[in-house]
Structure formats: C-alpha cells, structure tokens
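Predicted, not measured: the structure shown is a model, and the values here were computed from it. Below, read A as the first sequence line, B as the second, and so on, with proteins coming before strands; counting in each chain starts at 1.
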Amino acid sequence: PVLLLEPVPQNPGPQNEYDLLVIGGGSGGLACAKEAAQFGRKVAVLDYVEPSPQGTKWGLGGTCVNVGCIPKKLMHQAALLGSALKDAQHYGWNIAQPVHHTWSLMAQAVQNYVKSLNWGHRVQLQDKKVKYFNMKGSFSDPYTIRGLTKAGKEVSCCVISAILPVCSQIAGALEYGITSDDLFWLKKSPGKTLVVGASYVSLECAGFLTGIGLDTTVMMRSIPLRGFDQQMASLVTEHMESYGTKFLKRCFPTKVEKLESNRLQVTWKNTDLGTEETDSFDTVMWAVGRAPDTEALNLEAVGVKTNSETGKIVVDASEATSVPHIYAIGDITEGRPELTPTAIAAGKLLAQRLFGQSSELMDYDNVPTTVFTPLEYGCVGLSEEMAVRCYGSDNIEVYHAYYKPLEFTVAERDATQCYMKVVCLREREQRILGLHFIGPNAGEVIQGFALGIKCGATYPQLMKTIGIHPTCAEEITKLHITKRSGLDATVTGC
Amino acid sequence: MLRASAVLPELLTALKAGGKNEYDLLVIGGGSGGLACAKEAAQFGRKVAVLDYVEPSPQGTKWGLGGTCVNVGCIPKKLMHQAALLGSALKDAQHYGWNIAQPVHHTWSLMAQAVQNYVKSLNWGHRVQLQDKKVKYFNMKGSFSDPYTIRGLTKAGKETVVTAENIVIATGGRPKYPTHIAGALEYGITSDDLFWLKKSPGKTLVVGASYVSLECAGFLTGIGLDTTVMMRSIPLRGFDQQMASLVTEHMESYGTKFLKRCFPTKVEKLESNRLQVTWKNTDLGTEETDSFDTVMWAVGRAPDTEALNLEAVGVKTNSETGKIVVDASEATSVPHIYAIGDITEGRPELTPTAIAAGKLLAQRLFGQSSELMDYDNVPTTVFTPLEYGCVGLSEEMADLGALQFHLIQLHALSLNVLRKDLYVMYCFQVVCLREREQRILGLHFIGPNAGEVIQGFALGIKCGATYPQLMKTIGIHPTCAEEITKLHITKRSG
C-alpha cells in the first residue's frame, strides 16, 4: 500500500482505505489513478480548483482541459479560420469582406465543450471505480491527507497539485489584471489587450486574439520563448508582427491603474530608449510564468523537499520525493517539461511500477512539442544552441530550408518565415539531434519524426525516406543545404 | 558504337569526325523523373539534354514543361482540393464565432485561373532551372532511330536528330479512354482536361474507382457541384480496403453520389448540349440513364509508348500494361537505355519515387555511386475530402504474406469538436508483427492533413521502428497525429 489512512473518527491502528491517493485531477493525476485502478487497486483522486483572483473556476480535468491545451487550441483554430476566410476568396469563394468575429459565440462553444470534458472525466473515474473527492487536501502526516470540502467539512484523505499563473508584483497587477486562467472563461470580449510576457502562453494567446480581430500588444522584457531555439523563436515573433500583433520589446510594466472609463492605464519602462511610456487597454493579461501552489499542501510538515528557487517538488528518476511512498508527477515536479503527454506517460509508468510488474522509468529525452502561434512551431530534440553547447559547432551540421506551402501560392500568403532545419552530428553516422519546423500544422508534421528520433534516426536515413507529395512535411526529407555552406536555402519548385 | 544510317549531314560530319555522341545523357520526358535525372547528371558536369512534348488531349488540352505532376496531377489537384477544404472551413467558421452570410458560392473560373496561372509559373520556373543548370531543352516529340539516336519533331514540323551515350525514357502516362463505349472519346474528358477548364464542369459524372476519380469527385463536391462517382467494383484497388470504405463512406456523407457496381454503356449528346449517359447496374440487372454537363473518365492510365518506336531498338515492354520492363538499376533490355517514373512496370506512379530514382540513376551513371532505389515502404496520401495517408503494408498484404500480425486501431470520434452537426470517423491503424520485436509493417491514417501526419512516421519505418518504440514516443498535444502514439486496442481483442 502506498498510503495509510485514518478515517474520522480515529480508529485504533492503521487502516488502508486506499492503495493510492492522487492529489490533483489533471492530466498526470487522472492517468496515474486510472492506470492503478486497472490493476484492481483501490484508488482515490482529490481535485480542487482554487478560484483565480478574478474569481474564475472550473471542473475536473486540470490545466490542460480547462485553461490550457484544449481551449487554447480551439481559440487558435478560430483565429486560423479567420485566415482561411481570407484565403477562400482567392480560391473562388465569394465572401463579403470584412468578416467579423463575435467573442461570446466562440467562448460559449469552447466553454461548453470543456464542460463536456469535465463531465466525461467524472464518468471515466466512475467507470474505472476510482473514488473522486472534490476537495482541497493538505498533509497531516506522511500517510494522511486532511481535506476540506467546499462546505468546509473535514475528511481524512490523501496530493498532486497544480501550478498556477504568476501574477506580477507591480501596483494594480493583481487587482486589475487577468491571466490565462481567466481568459478562456471570459463571457465578454477582452477588447484591446496587452499581454505581458514572452512565454509560449503569451505568444499563443496574443496570436489568437490578433487573429480574431482584436487590437493586441505583447510586452516582453527580454527574449521570446526562452529555452527554445532562438532562431526559430525570432521567426515566430517576426511572423506575428507581420500578422498584426504589436510588440513592445525590452519593456517592462511599472504600474496598472483603472481609469474612469473602466479602461486600464499601463505605464512601462522602455529599457532601450530609457523612457517611460503609457497607454490604455481594456484587458491586461499576465503571462509571466507559472508556479506551483504548494503552500496549501503543507509539505514542510511531512518533509517533502522542494526547489528553493522554483518551489517545485524535487523528484528522482522514479518520480519519488524525499519521503518514502510519496511521489509527484506533472507540472509540479522540478526539471520536468510542463506538458500533458509527459505527465500522462509518467503517471501511467508510475502506476505500473507501483502495482504492475514493471520497472520501466519515464524517458524525458527527445520529447516533441509545438507552439501554437499563428504560424506554428514544432520541434523535437536539441535546439541548435544546445547542440553547439553539447558537441561544439565543428561537430554538428545544420541542414536548412525556407519553403512555401503549396496552399499559400494561390492564397497569395507571405511565407517568409516558413522554415525548417535539422541538426545532426557531423561524424560518420550523422545521427539527428534535433528537428525544427515552422509552418502550418507543425504538430502533425513533427509527431512522426519524433518516432524516428526515438529509433536513433540518422541524416542518411532521413534522405532515404521518400516524400509524400505535395505536403510541407516532405521538405524535411529533402533538406540538403547546410548552414556551413552559406548557400541560398530557398526551396525551388518541384 | 553503332550509328544510324543516313540521317542528317551534320550527323554524318560528326561520324566522320571519329564518332562521338552529342550528349552524355538524353532524357525523353520533362516530368518529375526526367527533370530530376537530367539536373542531377548536369551537376556532374555532363552534357545533358531533355526532350519534352505534350500531345494535346482528345479535347485539345495541352500544357508546358514539368510533366503530369506539375500540370495535370499533384499540383492542380492539391490546390483544387484546398479550395474544397476551404468550403468546409467556411462552415466551421460560423461555429467558431465568425459571422458569414450563408450560403457561400464558389466561382470555378476564379479558382481555375489562379491555379492555371500558378502552374504556368512552374513551367517557366522549370525552363529557367534547366537553363541555369546548362541542360539543353528541346520542345519536341522524340522517337528512336537506333539505340543511340533520337529523331525529334518540333511543333512546327522541323526534324532534329540527337545522339546520346545514355538515354533515359521518362515519358510517363496519360489517362485511358474506354473507347469501346460509344461517345466516350467524343464527349468525355479526363483529368488532363479537368484542371484546364475555363468554365465550370457543372453536374459531373466521374467514372472510375481510382484515387484520381475519388480525389476529383471529392473536390468537385466540395466546391458545390452536383457530382456522381460510378464504380464497376471496389474503390481504391490495391489500398487497404477497410480504409478505402471509410474514404468512400465519408464522401457519401459529404454529398458525393455513388453509383456502385455500375458500368456505362453509352454517352450521347442531347440538344441542350448536356450528355446523356446510359449504364448497367449489375446488382439490380437494370439499365439506367441520367444527364450530366460533364463526363470524366478516370479508368486508369497507360503509357504512351507507340510514338517512341521502342520495337525498333528492342526495348522490352510488358505485354499487358505496355509499360517498360526495367531491372533494379532502372536498366531496360537494351544497354545504355534506362527508364524511370510512371512508364516503368511495377513501380509506384508517384512523383517522389520518380525523382529519387532519377537522381540515383544519374549518380550511378556519372557519380561514383552504386546505390539502388529502394521502393519499399513508400508513403503516400489520397487527397479525398477526408484524406487517407499510409506507409507500408495494408492489412490484406500482411495477411497474404502469412505474417502473424497485430492490427491495432482506434476509431476516434470527430475531432472537429465544435461541429455537433458533423460526425466524422477518423481512423488510425497500425499493423505490426506479433513476434517478440513487433516491428511495424504498416501505418494507416484517415483524417485531416493525412500527408503531414504520415510523413514523419515513414522515417520511423525506414529505421525499422517497432510497436514498443511507437508506444515510447511521446505525443504532441493536442494533435491528430498523437493518437498514433497511443494506439493500443487490437482488432483481435474485439
């Protein structure tokens, strides 16, 4: 058993009510719980959503389902459809321009869909005989979780919790600003919006807000998409600029005030010019990072170690914390990708190690991912900078190409930032270290190549792979111009 | 070296000079394979010439340099398919909050003009490329005088003779006409004509069950035309039949009419200029009739080898198909004469394989290479309204090979989540060996962007990917492609 439970009122001696208690009903937590239940174990899940400072809350399913991947991709799709409408005219469709977008229609459809997922998760847990508690838990001792239901009722029980967007510390930030937690649940249009931050959350949100026709500005203190390949990150933001998103680069906000009109006045410092500037917006959204909400868990009481800087829980390769029988997975763990598929995989493998016969550990290498900006960026493996740092620029070869998706031709769309590169070792085998692609459907393009990388694919094997014509992905199988050569890397017609 | 007997004075001069072939390589046919081979050979500093000539279709349609793919295949097909997809996007857009006045109409001539202009720009691009690479281009129809000599006739009727050390035949194929059906040749068109129509084809009957038939019928339906497909027997012969059924089922729900197990007996012109088609329904044993604006034959393609005069030099062809017989190095029965692309027996009729084969041939002839073309596991995609991409074996092929395999599939519900009126069956299927390693034999996907999805998995298959490796590949969320990394329900399990 993983946890001992002492139900209220206290009974003499320990009683193992559950083999596994999962705190947090998000991607990782639910996957772990359901997998453990498959082994015939007694499993319970605690899930509780602390309302955002603006009062937004949601149901079972975690960040991905409620305030992440799902609503994000749907709103991104709404924006892409806006571009499709413009394309359609070139392809012979007669649409009266301009076409307008109504936020509330989209938001309602998205929110209804998310609620159906909440319901779906409740049903799934029931089907798999996983007990569900809608309450907030904290540790009493290493085997006991004390929980408070919404009604304040105390029940003994058992942890995994979310991480939340961080609010800026500046004056007016908490009071007047929103975060991604709120954006997806707004009933009314956010209007003219300032998004503060350089993360993928910032760029993805600013991207779809621009796409549905809203006046959108991104304020960045320094570089975009820190941690990602910087050449690719620049192409992403360059595209967004030509798409219509405004950028305030090397700026940081100093205060937010409310005007009589109800608009928000933001003051900021431009570090390049050394000036102070100001403008008014309907909405200010903070996208300056996410942090774990571990305070409520009372981890100190049981000695679960966290990283002093990030506050995240420190785990080893088997997701174990510093306390036996207490594990952690997903966004709350230090040094792990903050992605749904890795949380799910880690959760399942953990359950298999605890209750199945498995000893398989989670492999966090070469995890593919995609940034769903208006022009999408998908990648797997090392960035060029990382490859250079690990192997030295003399030992790697970068093959690259600027290409134009066929569908852009008739649509007369600008393909300036449509680009791809593969980073390989230079030595004999030429193993592929990383693959980067900017263009439409980047996630669909990259996914299969991640399997190739898992198999240790080499550049020669890539060149031997026949392309599917006509697609964007086939261009990856034709990459042959090296950065080293300095030759023009623009793909010419077939 | 043998030389042709009396031809032109210039040639006699050359002969007298001591016998030298004018060119190191002569390529007959300026399509995907031919151009790739020619350009690659030129890279080695060789003297190369390309002959290209388009015999007008029975309806009088003709086009420029580039072959089938560029002019009457992949390129215009994908663009018109995109036009149809945009029609669906317009319907989706309303659900995502865009206010578009329905119904929206499509104007054929706007689309056709844009597509045709783009194709013409590609013709021009190919001319320029050949010039840049110093490949001599002759716009004339060639035929063999002897194994080293091609006699050519320009459009103006001027005769030219060209001699070459090596000759590559890459003349491709043309759509077949069912000439035994009265009125077929006179009144029907083929894909050669469809993409070049200035006016809308109107109410169209497409006869055939090939991907050409289904793709064309698919986009005609998508742009709003009354479209019917007539099939004598099974759809997409040679493809996985379960997938083929899903493709046609979707087309039916999409609005394409199907006349199954029917074959036409005659086509007559009515006073109104419409075409009256009479056909036999083999299931009911009845004869039926209806009128259409356009009848398009998509009953297969055949090589146009008669004009080449192959018998004069002894190049062997397959008696049934008429295609040129080649060995693993693309050599014909005559030394120094090779063949690549659609004209070769037993090869896939695909642009990327023709290009790869052409390049490798040039590398073997003039470079130091001995690498042969690998025709195994060539990925491909059928661009029907719901696309079907695949690589490797179908279920039937695996069965025929008496291979003990797992068939793992997922019929996902519509991922077009905001369209409650639309129920679309996406399908993902992996065929893998049952024995220990569980090597992947084939991968099949029906859904949007199928080409983009499948391409990367083709690299995996090239690396010998196994089912366990597929399961270890982390998904990109949210995408369609990630579902492939999660496939776990076997057909066997029910």
Side-chain angles (χ1 to χ4, degrees), chain A residues 69-70 73 77-78 81-82 84-85 87-88 90-96 99-103 105-106 109 113 340-342 345 363 367-370 406-407 409-410 441 443-452 454-455 457 461-462 464-474 492-494, chain B residues 69 74-75 78-79 82-83 86 89-90 92-93 95-101 104-108 110-111 114-115 118 122 125 129 351-353 356 374 378-381 417-418 449 451-460 462-463 465 469-470 472-482:
Chain A
C69 324
I70 301 299
K73 188 95 192 288
Q77 177 67 3
L81 286 169
L85 292 178
D87 289 354
H90 294 267
Y91 279 87
W93 295 95
N94 72 322
I95 306 166
V99 187
H100 291 289
H101 183 268
T102 307
W103 173 274
L105 285 175
M106 171 186 75
Y113 176 66
T340 278
T342 48
D363 181 2
V367 172
T369 186
T370 296
L406 178 63
E407 290 75 12
T409 58
V410 165
N441 305 302
E444 309 293 1
V445 169
I446 289 291
Q447 180 68 86
F449 289 98
L451 171 64
K454 182 65 73 176
C455 300
Q461 284 174 317
L462 179 63
K464 283 203 171 83
T465 302
I466 301 291
I468 297 173
H469 186 65
T471 59
C472 295
E474 68 174 311
T492 47
C494 75
Chain B
C69 170
C74 324
I75 301 299
K78 190 93 192 292
L79 289 171
Q82 177 68 359
L86 286 169
L90 293 179
D92 286 354
H95 293 261
Y96 281 84
W98 294 96
N99 71 323
I100 308 167
V104 187
H105 292 288
H106 184 266
T107 306
W108 173 275
L110 285 175
M111 171 186 75
V115 171
Y118 176 65
L122 291 180
Q129 267 209 335
T351 277
T353 48
D374 181 1
V378 172
T380 186
T381 296
V417 294
L418 298 197
N449 306 302
E452 311 292 2
V453 168
I454 289 292
Q455 179 71 85
F457 288 98
L459 170 64
K462 181 67 69 178
C463 299
Q469 284 174 315
L470 179 63
K472 281 203 174 79
T473 302
I474 301 290
I476 297 172
H477 187 63
T479 60
C480 293
E482 66 174 313

Based on non-hydrogen pairs under 4.5 Å, which of A:K454, A:K464, A:H100, A:Q461 is most in contact with chain B?
-> A:H100

How far apart are the C-alpha atoms of B:T381 and A:T471, what are their side-chain angles, what is the distance that settles it, and do they pass the side chain to side chain contact (heavy atoms under 4.5 Å, CB included) test?
-> CA-CA 10 Å; B:T381 296; A:T471 59; 5.6 Å; no

Using non-hydrogen atoms only, which part of A:K73 is less than 4.5 Å away from chain B: side chain, backbone, both, or neither?
-> side chain

Any idea which of B:A114, B:A356, B:A458, B:G475 has the most non-hydrogen atom pairs under 4.5 angstrom with chain A?
-> B:G475

Might you point out which heavy atoms bring A:N94 and B:V104 nearest each other, and give the distance in Å?
-> O-CG1, 3.2 Å

Step-by-step side chain to side chain contact (heavy atoms under 4.5 Å, CB included) determination, B:I75 to A:H469 | CA-CA 9 Å; B:I75 301 299; A:H469 186 65; 4.0 Å; yes

Nearest-0.5 Å distance that lies between atom CD1 in B:I474 and atom OG1 in A:T369 = 11.5 Å

Separation between CD1 of B:I454 and CD of A:E474, rounded to the nearest 0.5 Å = 14.5 Å

Atom CG in B:N449, atom CD in A:E444: separation rounded to 0.5 Å?
-> 6.0 Å

Roughly how far apart are B:L86 CG and A:W93 CH2, rounded to 0.5 Å?
-> 8.5 Å

About how many Å separate CG of B:D92 and CG of A:L85, when rounded to the nearest 0.5 Å?
-> 10.5 Å

Top contributor to chain B interface from A:G452, A:G443, A:P368 [non-hydrogen pairs under 4.5 Å] | A:P368

Interchain contact, A:A88 with chain B, by part (heavy-atom threshold 4.5 Å) = both

Checking side-chain contact (heavy atoms from CB on, under 4.5 Å) against A:T465, which of B:L459, B:V378, B:D374 comes through?
-> B:L459

Just give me the residue among A:P341, A:A84, A:A457 that pairs up with chain B most often, heavy atom to heavy atom, under 4.5 Å.
-> A:P341

Locate the shortest heavy-atom distance separating B:Y96 from A:H101; write the atom from each residue and the value.
-> O-NE2, 2.7 Å

For A:C69 and B:P478, which heavy atoms make the closest approach, and how far apart are they?
-> O-CG, 3.6 Å

Spacing of CZ belonging to B:F457 relative to CD belonging to A:Q447, to within rounding of 0.5 Å = 5.0 Å

